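Take a look at the structure set out below.
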2 protein chains.
Amino acid sequence: MSITSDILRGHTEAIILSHLLEQDSYGYQINKDIMKKTDNRYELKEATLYSAFKRLEQAGYIRTYWGDETVGARRRYYAVTENGRKAYQSYKSEWEEAKTIIDQLLK
Amino acid sequence: MSITSDILRGHTEAIILSHLLEQDSYGYQINKDIMKKTDNRYELKEATLYSAFKRLEQAGYIRTYWGDETVGARRRYYAVTENGRKAYQSYKSEWEEAKTIIDQLLK
DNA sequence: CAATATACCTCGCCTGTCAAGGTATATTTT
DNA sequence: AAAATATACCTTGACAGGCGAGGTATATTG
């Protein structure tokens with residue numbers, strides 16, 4: 001782990017949406033996937049993840065359903081809604097703008 | 001104003017250090033300069049600025065001195081220390097890494 | 001002489017992160 | 001068979017940074 005949380009702060013929701021746009025997934029898996037995608041340089045902590053899920057659901061950006069596992073622990077899956085798709089696009093362009101601004105200020 | 005504070009959170013100190021590396025400056029001026037540099041897309045709010053100054057000074061990254069204005073309000077100038085210079089380099093490479101990671105996660 | 005600009009600063013709320021803790025089932029190790 | 005680890009869910013409360021709102025003082029402009 002190397003990246004401090006303050007720098008990643010505010011990107012959690014976008015990261016989750018982006019991941020869910022590839023395919024529906026569930027908390028534990030997303031946590032593992034993010035670590036893998038970043039070669040363990042970044043971990044989306046569970047508590048952070050679940051509080052983000054709550055915000056995303058309240059905003060109507062994701063919906064959830066229980067998996068039909070017959071063995072193992074139950075899984076709560078998350079799926080992006082149409083509004084979530086739009087929100088993601090908005091997050092994304094915000095990120096592009098922020099990147100430009102910060103790059104400009106950190107010369 | 002377009003960039004949300006959560007995205008900029010954690011960059012405040014780096015932005016200030018970067019600016020002060022160009023030349024010593026004071027609160028009011030820095031606030032104006034940042035706005036100008038970003039075409040008013042980003043304002044480093046005064047309260048944010050002053051709390052960052054406090055952290056930077058406590059960390060030994062900046063030192064302060066009073067200007068010798070004979071007219072107008074007094075100005076408290078800030079200057080980057082040697083440790084501050086190093087800290088800036090560290091912030092900068094952290095930013096480069098964060099940028100890579102986020103770009104990777106927001107595909 | 002009122003309004004605006006320059007210049008400093010503090011208080012307290014808000015919000016996102018996350019350490020620490022908890023529950024339950026399945027598998028692997030000892 | 002018992003203990004440890006992995007899979008899976010979730011909550012609580014502390015913490016820290018951003019900043020709205022408020023305050024002070026001087027100088028300039030209309």
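Since the model is a prediction, treat every value here as computed from it, not as a measurement. Within every chain, numbering begins at 1; the chains are lettered A, B, ... in the order of the sequence lines, protein sequences first and strands thereafter.
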Seminar exercise, completed: Per nearest nucleotide of DNA chain D, the residue lying toward the 5' end, F53(A) or D6(A), is F53(A)

Just how far, in rounded Å, is [atom2] of [N] from [atom1] of [X]?
{"X": "N31(A)", "N": "dT7(D)", "atom1": "CG", "atom2": "C1'", "value": "12 Å"}
{"X": "E43(A)", "N": "dT17(C)", "atom1": "CD", "atom2": "P", "value": "14 Å"}
{"X": "L49(A)", "N": "dT7(D)", "atom1": "CG", "atom2": "P", "value": "16 Å"}
{"X": "I7(B)", "N": "dC19(D)", "atom1": "CD1", "atom2": "C1'", "value": "17 Å"}
{"X": "Y91(A)", "N": "dG16(C)", "atom1": "OH", "atom2": "C1'", "value": "12 Å"}
{"X": "Y78(B)", "N": "dA7(C)", "atom1": "OH", "atom2": "P", "value": "13 Å"}
{"X": "H11(A)", "N": "dC18(C)", "atom1": "NE2", "atom2": "P", "value": "13 Å"}
{"X": "D33(B)", "N": "dA7(C)", "atom1": "CG", "atom2": "P", "value": "11 Å"}

Exercise. What class does the angle between the rings of Y77(A) and Y65(A) fall in, given that below 30° is parallel, 30 to 60° is tilted and above 60° is perpendicular?
Worked result: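 Parallel, since the angle between the ring planes stays under 30°.
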
Exercise. Choosing from dC9(C), dA21(D), dG18(D), which nucleotide comes nearest the side chain of R9(B)?
Worked result: dG18(D)

For this session: For the side chain of K32(B), starting at C-beta, report the closest nucleotide among dT7(D), dT6(C), dA20(C).
Result: dT6(C)

Is [X] close enough to [N] that one of its side-chain N or O atoms is under 4.0 Å from OP1 or OP2 there?
{"X": "Y28(B)", "N": "dC8(C)", "answer": "no"}
{"X": "R55(B)", "N": "dG18(D)", "answer": "yes"}
{"X": "Y50(A)", "N": "dC9(D)", "answer": "yes"}
{"X": "Y26(A)", "N": "dC9(D)", "answer": "no"}
{"X": "S51(B)", "N": "dG17(D)", "answer": "no"}
{"X": "K54(B)", "N": "dT10(C)", "answer": "yes"}
{"X": "R75(B)", "N": "dA7(C)", "answer": "yes"}
{"X": "R74(B)", "N": "dT6(C)", "answer": "no"}

Does this structure show an ion pair linking [X] with [Y], if we count only N-O contacts that are shorter than 4.0 Å?
{"X": "E13(A)", "Y": "R55(A)", "answer": "yes"}
{"X": "K32(A)", "Y": "E43(A)", "answer": "no"}
{"X": "E82(A)", "Y": "R63(A)", "answer": "no"}

Exercise. With sugar-phosphate meaning primed atoms plus P, OP1 and OP2, does T48(A) contact a base, only sugar-phosphate, or nothing at under 4.0 Å between heavy atoms?
Worked result: base

Exercise. Any luck finding a side-chain donor-acceptor pair between Y91(B) and E94(B) under 3.5 Å?
Worked result: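 The answer is no; no qualifying pair exists.
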
For this session: Identify whether L106(B) and L20(A) are in the same connected component of the hydrophobic contact network (ILVMFWY, side-chain heavy atoms under 4.5 Å).
Result: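 Linked within one cluster.
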
Problem set entry | Base dC18(C) to side chain E46(A), donor-acceptor N/O within 3.5 Å cut-off | no

